[in-house]
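All values below were derived from every heavy atom in this structure, side-chain atoms included, with hydrogens, water molecules and symmetry-related copies excluded.
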Amino acid sequence: MDSAQPSILELRIHGIANTPPHGTLDLARGEVTRSDGDGLGSFWTPRPHVEARDKALPPGHVHAIRPDVRREAYSWGAMARIGGLPFGGLLGVVGRLAVRLLWAAMVPFGLANAAYWARRIPAPEPGAHRPPSGSLRPEATAALTRVFALGLTLLFVSAVATVSLSLIGTRCMGLATAGPDSVVPVCARIPAVLYGLARMDVGDRLALLSLAPVLLVAILVAVAHSGQVRFESKFSVMRAGRTVAPSGPPLHRAGFWSQRSGSGLLWAHLGAALGLTGQFLTWTRYADPGLPMPGLPVAGLVVIVSACVFVALRTDDDGVQAITPRWKGRACLGVFAAGLLVWLLACYACLAGPPPQDMPALIGLDLVPALLGVGLFGIAATGLAWRTTRSTRAVAAWTAVPVVATVCVAVVLVTQPGAPLRLLLVALAVLAVLSPAVVVLTAILLRRRAHEGWNGAGPGVFLLVSAAAAAVYSSLLVLGVQWFLRNGESAAPTPLGNGLVGIPRGVPDADLVRVPPVYTEFGTASVVIALVFVVLLVVALTGPYVMDVVRSRGLWIPAAPRTFGPPYGPAVPAWRAVANAPEPDGGPNPVLERVLRGRQVAAMSHRAELAAGALAAAAYVAALVAHIPLIAQHSDTGTLQVPPWLSGLAVPALGVLAATLVVSALAGGTGGGPSRPWGLLWDLLCFLPRSAHPFGPPSYAERVVPEVRSRVDAWLAGADIADDAERARVAPTRRVVLSAHSMGGVLAAAVVLIRAGNPVPDLTDGRIGLLTYGVQLRPFFGRFFPDLLGPTTTGTPPCTGPGWSADPWGGQARGGPGPGAAPAAPLTPERPEPGSGVQVTLMSLLTCGAKPAWVNLWRRTDFLGFPVVGYGVNEVDRGAEEMDRSAYLFAVATHSGYQSSWAYHAALDEVVDRLTPAGPSGAQPAVTQRGEPG
């Protein structure tokens with residue numbers, strides 16, 4: 001074989017830290033060049049002289065490149081960053097900060113999308129890619145998730161409408177007094193630019209202020225869609241491949257990463273938001289005589305209900321290429337048109353109606369947010385039992401929980417019954433929301449779903465955290481503006497005469513600038529959430545560690561089995577100090593002590609599942625103990641009296657949260673370019689398709705997976721070779737090793753799966769290998785999204801959750817109970833035959849011989865890296881040395897630096913060895929053997 005022509009493409013894919021291309025290639029910034037791509041997704045290679053230099057290095061050198069390898073880096077991090085908005089450059093720092101805060105506000109929407117993919121995804125029916133009816137049947141959990149997402153939109157609209165219509169429009173701007181020197185009192189903190197609104201008739205004022213929630217929705221749509229990263233510039237070779245009928249796991253289905261027709265959801269959300277805004281304007285004004293169209297609030301309710309029905313009946317493809325009925329597209333546009341009409345008619349009613357004698361009370365602003373809060377937490381509670389409930393009808397029956405809870409609270413708020421009936425209704429609402437917990441506790445006790453995140457309660461965990469975040473954001477906005485408007489300095493009006501209206505500014509009474517009680521209750525619930533979360537977090541995370549600290553000897557956490565290290569070089573003494581150390585009592589060893597401390601710190605961070613569960617439990621407790629009883633209270637017939645100290649903590653707690661959000665938004669922009677808030681959470685949410693909430697963050701994987709797949713197909717097909725005869729000779733010898741770090745490992749797995757689900761005509765087995773390091777496939781993605789990346793998709797043994805001890809994986813590492821140390825069944829030896837009924841998995845797709853062409857590196861000092869098969873000895877997982885071999889001074893390696901480790905070079909050789917022979921002769925590519933650690 002011609003050594004001048006590399007036959008192996010080593011394609012490196014970075015992870016959530018967004019390592020720049022030169023860092024991914026472990027080179028200086030000026031030593032790389034872009035070979036293809038654009039500003040969002042791009043491929044990079046070493047410059048020719050750098051590649052020649054590194055190929056001349058001895059095997060095992062930090063920067064050595066195999067002679068038969070073409071090394072590339074794929075950069076996708078810009079896709080998960082903040083997109084540009086029109087006139088964004090003119091907004092300056094303040095505008096960029098506002099956009100980052102809006103992205104942070106989208107986190108509840110992203111969590112709703114995560115809940116959608118954490119639910120049980122039904123298997124496609126025969127012929128589901130083109131059914132006779134042209135549609136798929138709605139599924140209960142998908143419908144509930146989308147209704148929940150619509151409730152989030154309406155809750156945000158309610159919060160902004162409360163600020164604009166209630167606080168500013170009716171509370172901090174009074175009615176004009178009669179006479180030639182008429183005055184309109186306003187709050188001292190009202191900006192002078194709004195004095196024109198104060199001089200208007202109340203109806204005109206409210207009509208103009210109703211633009212605020214409408215503009216909020218428009219801004220959310222613009223921000224969410226400013227980051228569009230669709231794979232539109234080129235088409236992958238897979239477009240020429242045959243589309244197979246949908247089967248197997250969702251990531252194997254040909255249509256999973258294709259562009260979704262999400263416009264239907266978008267129009268439904270917009271129509272419901274407009275209809276609700278019109279309802280807020282007209283619910284009270286039609287109590288005045290002489291105003292037209294008295295049935296408009298009912299029309300707004302019809303629009304909202306129609307939007308709920310539409311999103312519930314919408315069927316996402318879940319990777320099944322279904323034909324959407326035309327009536328659904330028309331229905332969604334009809335919902336939007338009806339909502340727009342209701343809002344415009346409401347504005348007309350406000351503008352044309354006679355001036356009221358008294359300031360109107362906007363009833364809808366008091367009732368709607370309260371009912372939305374109860375409905376959201378009711379749906380979230382049912383999510384705890386979606387995966388545990390077996391039958392489809394039983395899952396659909398959980399719809400009664402949010403309906404019962406919302407109806408009970410609605411009856412209390414609207415009719416204001418006496419104490420006995422009120423207490424009965426509130427108790428019934430609490431019991432309804434509490435009922436799913438019984439199913440969850442039963443599953444935990446019986447360990448029915450120990451291999452799924454939170455014992456199968458994953459959808460509910462995501463929804464509870466989403467609902468809690470939305471409630472806190474809403475109360476943060478409303479109570480923050482209320483606190484601001486209650487202060488200031490009074491000023492007497494300047495007499496203007498000639499019939500002009502003067503503006504006296506004064507500090508209002510606390511009772512005047514009041515907000516709907518629901519936001520105070522949201523704020524109080526946020527205090528409950530914070531207190532419960534802190535307690536549970538201490539117990540779940542620090543408690544076990546503290547118990548081990550006070551033990552008679554330090555906690556011993558073993559290294560990863562079969563850890564490779566350098567046989568020569570300056571790092572050898574440190575490597576041997578760790579590799580040759582006895583277990584707990586080997587005497588003083590400074591190197592081992594630092595490494596062991598790193599293992600202990602990493603073990604604490606591995607309890608992320610426990611931390612998220614604690615946050616969801618805190619939100620659940622707040623909804624049961626505080627949320628529903630507080631919402632149903634009245635000043636004269638209170639169901640539950642809030643302790644003064646608790647309600648007094650609400651505003652300070654929300655103030656601390658507001659400061660934290662601003663600081664995090666500012667910190668997100670310190671990198672000098674577009675950034676994203678809360679990097680880890682953001683990149684995890686952006687991986688998932690936007691199938692539940694249209695305002696959620698866009699999915700970068702919808703471009704990354706086809707784009708990487710296109711590069712793989714182009715390399716294997718020899719698309720870079722112009723001569724047909726030479727291409728026919730060279731193409732069969734080519735192989736690909738996807739080298740993926742952290743989140744890149746999930747993307748690489750999706751590439752392998754989608755190639756099998758939609759193959760090119762000349763697809764050959766055994767030409768793609770996988771080298772992963774620092775990945776979370778098994779304990780995070782495999783548990784949180786079982787139907788996407790669980791054991792039935794990856795082909796790896798299932799994984800139980802972290803334990804309560806200081807070493808959360810100690811039982812699995814020691815070969816105790818659980819599937820960690822030794823798989824109960826051998827890995828799939830080869831790909832199943834078509835039509836055999838055997839599930840296609842990632843492992844089977846990578847296996848064409850005795851061993852899978854997959855090696856995974858991990859280390860116990862990595863706070864985000866895990867094995868993919870188990871903590872015991874197996875054919876896939878290998879340990880990487882726990883010190884940074886490329887550092888000048890000794891440093892404990894954590895989540896980065898895998899590419900410069902000795903284990904990486906050995907693992908690359910091992911993956912290449914496991915690929916099928918290169919070419920018709922069956923000769924393997926030349927492999928440079930590297931020595932084992934001495």
Evaluate the criterion side chain to side chain contact (heavy atoms under 4.5 Å, CB included) for residue pair L463 and F377; output intermediate values, then yes/no.
CA-CA 8 Å; L463 291 178; F377 278 100; over 6 Å; no
Determine, stepwise, if the pair R146 / Y116 fulfils side chain to side chain contact (heavy atoms under 4.5 Å, CB included).
CA-CA 8 Å; R146 291 197 175 102; Y116 179 90; 3.2 Å; yes
Donor-acceptor side-chain pairing of [X] and [Y] below 3.5 angstrom:
{"X": "S844", "Y": "T847", "answer": "no"}
{"X": "N856", "Y": "T772", "answer": "yes"}
{"X": "N113", "Y": "H693", "answer": "no"}
{"X": "S901", "Y": "Q899", "answer": "no"}
{"X": "H451", "Y": "T800", "answer": "no"}

Compute the centroid of each ring, for [X] and then for [Y], and state whether the two points are separated by less than 6.0 Å.
{"X": "F866", "Y": "F781", "value": "no"}
{"X": "H606", "Y": "F863", "value": "no"}
{"X": "F687", "Y": "W257", "value": "yes"}
{"X": "W76", "Y": "Y700", "value": "yes"}
{"X": "F784", "Y": "W454", "value": "yes"}

Run R914 and E875 through salt bridge (Lys or Arg N to Asp or Glu O under 4.0 Å) and show every step you take.
CA-CA 11 Å; R914 296 182 182 184; E875 297 295 342; 3.7 Å; yes
Charged N to carboxylate O below 4.0 Å: is that the case for [X] and [Y]?
{"X": "D877", "Y": "R778", "answer": "no"}
{"X": "R859", "Y": "E881", "answer": "no"}
{"X": "E910", "Y": "K851", "answer": "no"}
{"X": "R120", "Y": "E139", "answer": "no"}

Looking at every heavy atom in both [X] and [Y], which two are closest together, and how far apart are they?
{"X": "I121", "Y": "R253", "value": "CG2-NH1, 4.2 Å"}
{"X": "T792", "Y": "T841", "value": "O-CG2, 3.4 Å"}
{"X": "A468", "Y": "A619", "value": "CB-CB, 3.7 Å"}

With distance as the sole test, does [X] use its side chain to make a donor-acceptor pair with the main-chain N or O of [Y] at under 3.5 Å?
{"X": "Y620", "Y": "V433", "answer": "yes"}
{"X": "R878", "Y": "F564", "answer": "no"}
{"X": "T389", "Y": "A385", "answer": "yes"}
{"X": "R12", "Y": "T24", "answer": "yes"}
{"X": "R119", "Y": "T141", "answer": "no"}

Please report the C-alpha distance between L788 and T793 in whole Å, then the side-chain angles of each, then the deciding distance to 0.1 Å, and finally whether the side chain to side chain contact (heavy atoms under 4.5 Å, CB included) criterion is met.
CA-CA 7 Å; L788 287 185; T793 300; 6.0 Å; no
Evaluation steps, side-chain hydrogen bond (donor to acceptor under 3.5 Å, both in side chains), between Y773 and S739
CA-CA 8 Å; Y773 35 96; S739 171; 2.7 Å; yes
Set out, in order, the CA-CA distance, both residues' side-chain angles and the distance that settles salt bridge (Lys or Arg N to Asp or Glu O under 4.0 Å) for E882 and R860, then state yes or no.
CA-CA 8 Å; E882 296 166 304; R860 292 303 296 265; over 6 Å; no
Would you call the rings of Y898 and H741 parallel, tilted or perpendicular, taking 30° and 60° as the class edges?
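Plane angle between 30° and 60°, so tilted.
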